[in-house]
Each structure stands twice: as structure tokens, then as C-alpha cells.
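This report concerns only the one structure given below.
Model, not experiment: these values are computed from the prediction.
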Amino acid sequence: MITIRRQLALLVAATTSVILIAFIVPLCYLVQQVAADRAINAATREAEGLAPIVATVDRSVVELALSQLAHDDPSDYPLTVFYADSDILGAPAQRTKAVDLAARGRSVVADADGGREILVAVQGLDDGTAVIRGFVTDADMREGVIRAWLILGGLGIVLLAVSIGLADRLAHRLVQPMIDLAKVSHQLGAGELDARVDPAGPMELRGVGQAVNQLADRIAVLLATERESVADLSHRLRTPLTVLRLDADALTDPADADRIGRDVDTLTRTVDDVISEARRPVREGIAARSDATAVVAERLDFWAPLAEEEGRAVVTDVPAHPLHVRVAGPDLAATLDALLGNIFAHTPAGTAFAVRLTETTEGDALLTIRDQGPGFDTANPMDRGASSKGSTGLGLDIARRTAEAAGGSLTIGAPTSTAEGAEITLVLSSARSGGQRIVKLSSTSG
């Protein structure tokens, strides 16, 4: 995966490379031309410097001058004098067509094997026009060119490295605030509502960071307000529960008083759990875990007397070993109570149901609740508040949110394509799993 930082570095590298090539290639060609012109001009000056001697003195003096030049600087350009009577003095050389052309009185520069000829015509001699030939080799014309090319190439590499380094630093200053912003966003999503962004970087990113901080503050305020409202509402239920407890104690039948008293105690504990849950810090629920086996067994024991009283056959399949899941015990108990409560509330007395808890191959808990009732009466029973039987319609939504909070899912449907009834399946992630999986929720009605 290519990061923004690397993309910016590659973009700057490509742009700088194009600019450097556009400048360095013509500059290298210019260096080559300058080196060749420098050698040709030097050879031309030497040949023209010899011309007055050839024009004014006899050949013996010219030969002496050529010998002296060759002795003083052997590495200098070789000079040759061609006379009209075919006499040749100086460095050995063949008389070429270019020499014959120069003998007509015109100085020329002509290409030759291994270099170039510099031909200077000397007129006014008794026996015709003489030609002074200087020869510049290809090596002379390329002298210093390779070194200049290497310097230019090295300079280009240095400039490219500097530009990439500067682009990387600039990209770091641009990307690091994005990384910090994403980190804080993940922390907020994980329930760390005290996480805040330190606004940095360009003005636009600083604005986003400030907006995220304001959003986090607002979420914390709304969440605290909601929790306090739930806690206050639950606390208001204690007064009628106290009255109900007094009424239960006033019953003349001890059996009825004891039974209703137990129900009131259970309801009181449920209200207390709601208050505790509402006042519990958000982060406390992130690492929640419980033993699904123990919770399911305990709630089945709770509902067993009512099922026996209504003549409902109950089939249970609960493993003997603990099955730890990533959901708090009270939340799982409330979920199971909501689902079983729906069966008792919306199916006729005597309707059988089954509760099965198994472990998947991935180690997750699979909780299946199946009944033989009339099934769901709404097109989409998963919709929050959807119910036509006078209930709140929140039971399935509570179960779904509990399952998804534990990294699992909830699906509903019929046991078979033709049978009546309903089947609800919850998948609860194992407490041993490292992270929460992406959950797809599907539902059908029977």
C-alpha cells in the first residue's frame, strides 16, 4: 500500500527528474561543443601565429621554427606547412583535398580521420600560396568533457536527493497530523472519550482537529446526560417497587407472598443493574466478559417455574464447560430475558421452545432460541420499536445491539421453510479473540 508520504516523494522525484533532464542534457551537449571549439580555436591561433614566419622568411627558418615549437610543447597541436611546389615541412601529413582547397587562398576547417584539420592559407609567396595545417584529434576536442559530465550528473543526483528529502519532510509535516487525527478517531470509536487531537499541520487539518475535539466534547456531554436520565428514570421505579413489596408482604397466602416477593426481588435487582449500567464508565464495557454457560443456565432456572406453570415443554442444550464471551453477564442475562420474555408474552400457553448453546469452530458462542409459536407478525421484526402486540418492540433490538457490541450478530427466521414458529440465533465473540470482526446482519420472518 502506497502512503501519501511516499506518493508525494515519488511525485517530487518524477518532477525534479524531468526538470534536471531538461537542463542537464542540453548543458552536457553545450559543454561538449565548448570543449571542441576551445581546441579548434587553440589550434587556429597556433597556425595563424606561424603564418607571418612562413610569409616573410625562407624555408630553413620555417623548419627551425617548427622544430622549436615541437620541442617546446610536444603535446601541442602538430603543425605542417604545405608549399605550392609540393615541399612539406613540420609534422608528417598527407596532402588532402582540403589542403588543395586551402591552397586556392581560402582558410578552412575540415573533418579528417581521427579529428579535424585547421588549414590557414598564406599568400604572397614567390612560388604560390602555402598552407599551414594544424591537426586537432578527437581526444583533444573531448578533453575535460567526461569530467564535466560527471560533475553535472553528480550535481543532478544531489539536487534530486535534496528535493526528495525536502518533499519527505514536508509530507511528514502534512501526514503526521492526519495519523494523529485517525488515531484519536479510533480511540473515540473504542470508547476513550477523553482522547483529544492536538491541532497541527495546515490550516485545513487544524480545523478538522478542532471539529473532532468539539464533537468528542459534545458526545461526552450527550452520553453523560443520557446515562443520568436513564439512571434517574430507573431510580424513580424504586418507589413503586417498595409499594409492591409491601403489598406482597400483606398477602394472606404465604406461598403467594413468597412467590411475588421473589419476583419483586428480581425486578429490584434488574433496576439496580440498570442504574449501575447507566453510571458505569464507557471504557469499562470495552473489555467486558462473562461465562455464557453459567448465565444461560441461571436464566433457564429462573424461567423454568413459569414454563412449568404454563405447560411449556422446554428443551435445553448447554455445554458443561465454561464458554467465555465478550459481553458483560448482566447484559447477556438481560438479552436472554428479553428473548424468552417474548416467547411467554407472544405465544400461547403450552407452546414449546428450545434453548441451545454451542461453541463454533472459531471458539465463539452460538445461542439459538427456537419456539413453535405463530412466528413474527411484522415485515421486519428487527426494526427498533416494531411490534403490533402492544409491547415496546425493543427486545430484539436490545439483543441485536448486545450481540454486535460483543463482535457478533443476530439473525432471525423459522426453523424450516415450512414450519411455523421462530428461530433467533445470536453469535457472541469469544473473549479469547483479539479484535472485533465486521458483522453482517440478516433477518427473515417465519
Return the [atom1] to [atom2] distance between [X] and [Y], rounded to the nearest 0.5 Å.
X    : Y    : atom1 : atom2 : result
L181 : H186 : CG    : NE2   : 9.5 Å
L367 : T358 : CG    : OG1   : 8.5 Å
D291 : H321 : CG    : NE2   : 9.0 Å

Over 60° means perpendicular and under 30° means parallel, so classify the ring planes of W303 and F344, tilted if in between. parallel

Indicate whether the side chain of [X] and that of [Y] have a donor and an acceptor atom separated by less than 3.5 Å.
X    : Y    : value
D37  : Q33  : no
D140 : T137 : yes
E404 : S409 : no

If we ignore hydrogens and angles and just use 3.5 Å, is the side chain of T15 paired with the main-chain N or O of V12 as donor and acceptor? no

Using the test ring-ring contact (aromatic ring centres under 6.0 Å, His included), find all partners of F82 that sit at least two apart in sequence or belong to another chain. none

Mind checking what makes ring-ring contact (aromatic ring centres under 6.0 Å, His included) contact with F302, not counting sequence neighbours? none

Does atom [atom1] of [X] have more than 12 heavy-atom neighbours from other groups under 6.0 Å away?
X    : atom1 : value
D85  : CG    : yes
R173 : CZ    : no
R356 : CZ    : no

Can you tell if the side chain of [X] reaches within under 4.5 Å of the side chain of [Y], non-hydrogen atoms only?
X    : Y    : answer
L428 : D364 : no
I118 : R133 : no
T425 : E423 : yes
L50  : L66  : yes
Q32  : M141 : no
I343 : L339 : no
I369 : L336 : yes
T80  : P92  : no

In chain order, what residues pass the side chain to side chain donor-acceptor pair (under 3.5 Å) check against D100, with sequence neighbours excluded? R95

Are R116 and D138 within salt-bridge range, i.e. N to O under 4.0 Å? no

Taking all atoms of both residues into account, what is the closest heavy-atom pair of P199 and Q210, and its distance? CG-CG, 3.8 Å

